[in-house]
Amino acid sequence: MQERTEHDTVSYTVENRIAWVSFNRPEKRNCMSPSLNRRMKEVLDELEFREDVGVLVLTGEGTAFSAGMDLKEYFRENEEKGLGHVRKAQREAYGWWERLRWYEKPTIAMINGWCFGGAYGPLFGCDLAVAAEDAQFGLSEINWGILPGGGASKIIVELTGFRNAMYHAMMGENIDGRKAAEWGLVNEAVPADKLRERVTEVATVLLGKNPVALRGTKWAIRRVSEMTFDNSMDYLVRTQEAANFYDAEGRKEATRQFIDDKTYKPGLGAYDLNKAR
Ligand code: ACO
């Protein structure tokens with residue numbers, strides 16, 4: 001096969017305000033090379049402020065979500081060239097995962113197949129995650145003689161707790177999508193042939209919410225998980241006040257639709273964004 005260009009290591013389409021972004025090296029099980037990491041950062045930049053994008057879904061072409069870092073192009077070739085190259089490759093990878101963690105738009109990881117090691121970075125970077133029941137998750141680092149770096153150790157303990165994290169990282173055994181949902185690595189697992197449909201449903205619900213509130217909410221959940229209770233209280237007051245600055249009318253309109261018009265109930269769904277006066 002002809003060498004894939006850097007541009008083609010990631011593909012995307014935008015349909016009905018959902019950006020479907022795919023790791024696009026199926027022949028290499030979508031493992032993350034420096035080229036892919038650079039291209040992914042560009043794609044995130046391209047999509048972040050587009051008016052026609054309300055939700056971003058990250059998935060993989062072929063049988064893998066991503067088989068983790070590219071052992072040849074990311075590790076071996078950079079290690080051979082020296083520390084400067086290693087650090088540059090780390091910055092490129094960690095950089096786009098961080099962008100994803102603090103993305104302006106809500107994000108969903110759609111785990112369609114293999115998901116190893118470094119792929120836990122983008123998995124955690126996404127706000128929500130839905131897996132195929134038969135997807136396979138593994139911290140395979142131990143199987144080739146390294147520890148789960150790139151945030152993977154932190155992510156597994158954060159999402160699954162001490163015992164599961166320890167077992168997962170030390171044993172190098174894979175778990176399927178069902179187990180990943182049970183452990184809290186993903187929100188839910190569905191049969192593979194229902195995966196896209198379910199992710200579309202979730203994305204469509206998110207598209208109906210106030211986008212300023214949604215952004216404030218996802219950032220708040222990430223921030224407060226590392227704060228003391230009192231710092232969280234303070235942060236949340238200030239974040240809501242900042243949100244009022246960006247969207248002064250949304251909450252008033254929502255209150256009006258509930259209290260005056262009686263056209264919806266906040267306990268049962270979102271207000272009609274299109275009716276904002
Ligand atoms: N790095 C480099 N190349 C890879 C990687 C990877 N992480 N994963 C797959 N490939 C390549 C293979 O070398 C192979 O290349 P080739 O066609 O030039 O020989 C091609 O992708 C297809 O891989 P196969 O192994 O033939 O695919 P298969 O479907 O049989 O197996 C599996 C898939 C289980 C994902 C296997 O490829 C694998 O174990 N990959 C490594 C997974 C891993 O441990 N990743 C590192 C995690 S640790 C970290 O990310 C820091």
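What you see below is based on every heavy atom in this structure, not just the backbone, and it leaves out hydrogens, waters and symmetry mates. Order of listing sets the numbers, starting from 1, for every ligand and every atom in it.
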field: Glu27 and ligand 1 - part of the residue with a heavy-atom distance under 4.0 Å
entry: backbone

Ile146 N/O under 3.5 Å from ligand 1 N/O: no

- request: Among all protein heavy atoms, pick out the one at the shortest distance from atom 11 (C) of ligand 1; state its residue, atom name and that distance to 0.1 Å.
  value: Lys28 CD, 3.9 Å

- request: Please report the closest heavy-atom contact between Gly113 and Ala135, naming both atoms and the distance.
  value: O-CB, 3.5 Å

statement: Short version for Phe75: what comes under 4.0 Å of ligand 1, heavy atoms counted, is side chain

message: For atom 51 (C) of ligand 1, what is the closest protein heavy atom, and at what distance to 0.1 Å?
response: Met69 CG, 3.6 Å

- prompt: What are the atoms of ligand 1, with element, lying closer than 4.0 Å to any heavy atom of Asp70?
  reply: 1 (N), 2 (C)

task: Taking only heavy atoms of Glu141 into account, list the atoms of ligand 1 that are under 4.0 Å away from them.
output: 48 (S), 49 (C), 51 (C)

field: Heavy-atom protein neighbour under 4.0 angstrom from atom 5 (C) of ligand 1
entry: yes

- prompt: Should Glu188 and Arg198 count as an ion pair when the cut-off is N to O under 4.0 Å?
  reply: yes

- prompt: What pair of heavy atoms forms the shortest contact from Ala270 to Gly208, and how long is it?
  reply: CB-O, 3.4 Å

query: If you count the atoms of ligand 1 from 1 in the order shown, which ones are under 4.0 Å from a heavy atom of Gly68?
result: 50 (O)

- prompt: Where is the nearest protein heavy atom to atom 1 (N) of ligand 1: which residue, which atom, and how far?
  reply: Leu71 N, 2.9 Å

- request: Could you tell me whether Trp144 approaches ligand 1 through its side chain, its backbone, both or neither, with non-hydrogen atoms closer than 4.0 Å?
  value: side chain

task: May I ask you to decide if the ring planes of Phe116 and Trp114 are parallel, tilted or perpendicular, using 30° and 60° as cut-offs?
output: parallel

message: Please evaluate residues Phe258 and Tyr271 with respect to the criterion ring-ring contact (aromatic ring centres under 6.0 Å, His included), reporting the C-alpha separation (whole Å), side-chain torsions for both, the decisive distance (0.1 Å), and the verdict.
response: CA-CA 8 Å; Phe258 177 47; Tyr271 73 99; over 10 Å; no

query: Is it true that Glu133 and Lys194 have a side-chain N and a carboxylate O under 4.0 angstrom from each other?
result: no

field: Closest candidate by heavy atom, reference atom 40 (N) of ligand 1, pool Gly138, Ala67, Pro148
entry: Ala67

message: In the complex you have, is atom 49 (C) of ligand 1 within reach of the protein, judged by whether a heavy-atom distance drops under 4.0 Å?
response: yes

query: If you take all heavy atoms of Glu73 and Asn78, which pair is closest and at what distance?
result: O-ND2, 3.2 Å

- prompt: Just to confirm, does any protein heavy atom lie below 4.0 Å from atom 38 (C) of ligand 1?
  reply: no

query: Where is the nearest protein heavy atom to atom 33 (C) of ligand 1: which residue, which atom, and how far?
result: Trp114 NE1, 3.6 Å

Over-ring placement of Arg222 relative to Phe124, 6.0 Å and 45° cut-offs: yes

- prompt: Does the protein put a heavy atom under 4.0 Å from atom 15 (O) of ligand 1?
  reply: yes

message: Could you identify the single nearest non-hydrogen protein atom to atom 43 (C) of ligand 1 and state the distance to 0.1 Å?
response: Ser140 OG, 3.3 Å

message: As a test of the contact definition, would atom 19 (O) of ligand 1 count as having a protein heavy-atom neighbour under 4.0 Å?
response: no

query: Do the ring planes of Tyr120 and His168 sit parallel (below 30°), tilted (30 to 60°) or perpendicular (above 60°)?
result: parallel

- prompt: Going by an N to O cut-off under 4.0 Å, is there a salt bridge joining Glu79 and Arg76?
  reply: no

message: Test your reading of the model: is there a side-chain donor-acceptor pair from Asn30 to the backbone of Arg25, 3.5 Å cut-off?
response: yes

query: Closest non-hydrogen protein atom to atom 3 (N) of ligand 1, residue and atom name please, with distance?
result: Cys31 SG, 3.8 Å

query: Under 6.0 Å from the six-membered ring centre of Trp219 and within 45° of its axis: does the NZ or CZ of Arg101 meet both?
result: no

- prompt: Can you check salt bridge (Lys or Arg N to Asp or Glu O under 4.0 Å) on Asp261 and Arg256, steps first, answer last?
  reply: CA-CA 6 Å; Asp261 295 356; Arg256 198 184 62 74; 2.8 Å; yes

Nearest-neighbour protein heavy atom for atom 26 (O) of ligand 1, which is reported as residue plus atom name and distance: Arg29 NH2, 4.2 Å

task: Determine whether any heavy atom of Thr63 lies closer than 4.0 Å to an atom of ligand 1.
output: no

